[in-house]
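Note that the structure is a prediction, hence the values are computed from the model and not measured. Side chains are part of it too, since the values below use all heavy atoms of this structure and drop only hydrogens, waters and symmetry mates. One is the number of the first residue; the rest follow in order along the sequence.
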Amino acid sequence: MLEFEKDFLNRIIHGRCEQVMKEIPDNSIDLVVTSPPYNLKNSTGNGMKCGKGGKWSNAALINGYEEYDDCLPHEEYVSWQRKCLTEMFRIIRNDGAIFYNHKWRVQGGLLQDRQDIVSEFPVRQIIIWKRKGGINFNPGYFLPTYEVIYLIAKPDFKLAPKANRYGDVWEFTQELNNIHPAPFPVALIDRIISSTNANIILDPFMGSGTTAVVAQGLGRKYIGIEQSEKYCKLAEQRIEENKIHSEVAKFHEPKLFDFEGNYATRS
C-alpha cells in the first residue's frame, strides 16, 4: 500500500493520471492546477488532424505530445476528461479548488466551449487568460486570443488575502523557451498558486514541470503526474536547477519604490 507522504509528496510520478490519482486518498490535496491535452489533432478546423500543411505545418504539436498523439474521438476525450476531473475533485479538501485550463474552439461551424466536460462540476468562475493569438485563415470567426481557466471549487475555498484584486482577465504571454510544445507560463502559475493558501499542489498533466517549479519556489509541496518518461526527466532536472536558480524569485523580489515614489515591497 502506498504511503502518501513518502510516495507522492514532492515527486514526479510517471503514469496515467486517472490511474495514479486513484491511489491518492480522499481530501488530501489543497489545490489542483493543470491543463490537459486539448485533443487538437481531432479538430475539424485546421491541418493538425491530418498532419499536413496549413497553419500547423511548423507547429510542434503536429505530432502530438510524447507518448500521446492527442487525437481521440471527441466523445471518448470528453469521457476521459470527466473521469480525470472526478478524481481531482475527490482528492481535494473541502476548502480546495481545481484551476482547469482549457481552450474553446469552433468545430463544424459551432463554438465548442467545453461545457460537455465541466458540466455538473461546481464551476465558481471562469478566468480569461489573454495571450497572443496566432493566424486564423478561417473567415467565419475572429482570431482567438485567449484560453479559459475554470475555477472548480469546493464550498469552503477562499482566495488568499487581497488576491481577488487581480480580477478575472489575466494577460500573460506564452512560454517560448521550453522543450515542451505547450508549457504553462511561469508567471501564470505563480499568479494562481500565490493567490491561494494551498500547501499541497497537484498537477496531473505535469508536462515540463512548471507547476512543481512554482510550488517549490513558493515554499509549497507538489505532486506531479506525467505519462511521458521524457517529460518526467525534464521536470525533475528543472526542479533541481530551480533549487539553485529559481524561476519564481523574480516575481517576488523587493522593489525600491512604488509608482508614487514610496518605498514598497512586492509580495
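The two residues Arg105 and Tyr38 make their nearest non-hydrogen contact at NH1-O, 4.0 Å. The minimum heavy-atom distance linking Arg114 with Lys103 is given by the pair NE-O, 2.9 Å. Contact between Leu218 and Ser194 at its shortest, heavy atoms only, is CD1-N, 3.9 Å. Considering every non-hydrogen atom in both Pro185 and Trp129, the closest pair reads CG-CZ2, 3.4 Å. Ala97 approaches Leu151 most closely through the heavy-atom pair CB-CD1, 3.8 Å. Contact detail for Gln216 and Ile239: the closest heavy-atom pair is OE1-CG2, 3.1 Å.
To the nearest 0.5 Å, the span separating CG on Leu85 from CZ on Phe121 amounts to 4.5 Å. Here the straight-line distance linking atom CD1 of Ile91 with atom NZ of Lys22 works out to 11.0 Å at 0.5 Å rounding. Taking CG of Asn94 as the start and NZ of Lys154 as the end, the distance is 6.0 Å to the nearest 0.5 Å. Note that CG of Leu234 and CD of Glu236 are 9.5 Å apart. Values are rounded to the nearest 0.5 Å. Taking CD1 from Ile24 and CD1 from Ile13, the interatomic distance works out to 6.0 Å, rounded to the nearest 0.5 Å. Between the SG atom in Cys17 and the CE atom in Met206 there is a gap of 11.5 Å [rounded to 0.5 Å].
Side-chain atoms of Leu9 and Ile200, non-hydrogen and from C-beta on, do get closer than 4.5 Å to each other. At least one side-chain heavy atom of Asp190 sits less than 4.5 Å from a side-chain heavy atom of His252. The closest side-chain heavy-atom distance from Phe4 to Ile223 is below 4.5 Å. Looking only at side-chain heavy atoms (C-beta outward), Asp203 and Thr34 come within less than 4.5 Å of each other. Considering only heavy atoms from C-beta on, His74 comes within 4.5 Å of Gln112 through its side chain. Side chains of Gln81 and Asn39 form no contact here, defined as non-hydrogen atoms less than 4.5 Å apart. Side-chain contact between Pro204 and Val32 is present, with heavy atoms from C-beta onward closer than 4.5 Å. Side-chain contact between Trp170 and Ile192: present, with at least one pair of heavy atoms (C-beta onward) separated by less than 4.5 Å.
One hydrophobic cluster, built from ILVMFWY side chains closer than 4.5 Å, holds both Val169 and Val148.
One N or O on the side chain of Glu226 and one on the backbone of Ser228 form a donor-acceptor pair closer than 3.5 Å. Looking at Glu18, its side chain never comes within 3.5 Å of a backbone N or O of Cys84 through a donor-acceptor pair. Of the possible polar contacts, none joining the Asp113 side chain to the Trp104 backbone as a donor-acceptor pair under 3.5 Å is found. At distances below 3.5 Å, at least one donor-acceptor pair connects side-chain atoms of Ser195 with backbone N or O atoms of Arg191.
Aromatic ring pairs are classed by plane angle as parallel below 30°, tilted from 30° to 60° and perpendicular above 60°; the pair Tyr150 and Tyr100 is tilted. The aromatic rings of Phe157 and Phe99 stand perpendicular to each other, their planes meeting at an angle above 60°, with 30° marking the opposite boundary.
Between Glu229 and Lys233 a salt bridge is recorded (basic side-chain N to carboxylate O distance below 4.0 Å). Ion pairing between a basic and an acidic side chain is recognised when a charged N comes within 4.0 Å of a carboxylate O; Glu87 and Arg90 show such pairing.
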Could you walk me through whether Glu240 and Lys243 satisfy the salt bridge (Lys or Arg N to Asp or Glu O under 4.0 Å) test, starting with their C-alpha distance in whole Å, then the side-chain angles of each, then the deciding distance to 0.1 Å, before giving a yes or no?
CA-CA 5 Å; Glu240 288 303 309; Lys243 291 178 181 178; 2.9 Å; yes

Using side chain to side chain contact (heavy atoms under 4.5 Å, CB included), reason through Leu202 and Met21 one step at a time and then give a plain yes or no.
CA-CA 10 Å; Leu202 166 70; Met21 284 191 290; 4.0 Å; yes

Steps toward side chain to side chain contact (heavy atoms under 4.5 Å, CB included) verdict (Ile12, Tyr222):
CA-CA 9 Å; Ile12 305 295; Tyr222 65 84; 4.1 Å; yes

Trace of the side chain to side chain contact (heavy atoms under 4.5 Å, CB included) decision for Phe184 with Asn101
CA-CA 10 Å; Phe184 267 141; Asn101 172 229; 3.6 Å; yes

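Among the candidates Arg93, Arg220, Lys221, the single residue satisfying the side-chain hydrogen bond (donor to acceptor under 3.5 Å, both in side chains) test with Asp30 is Arg93.
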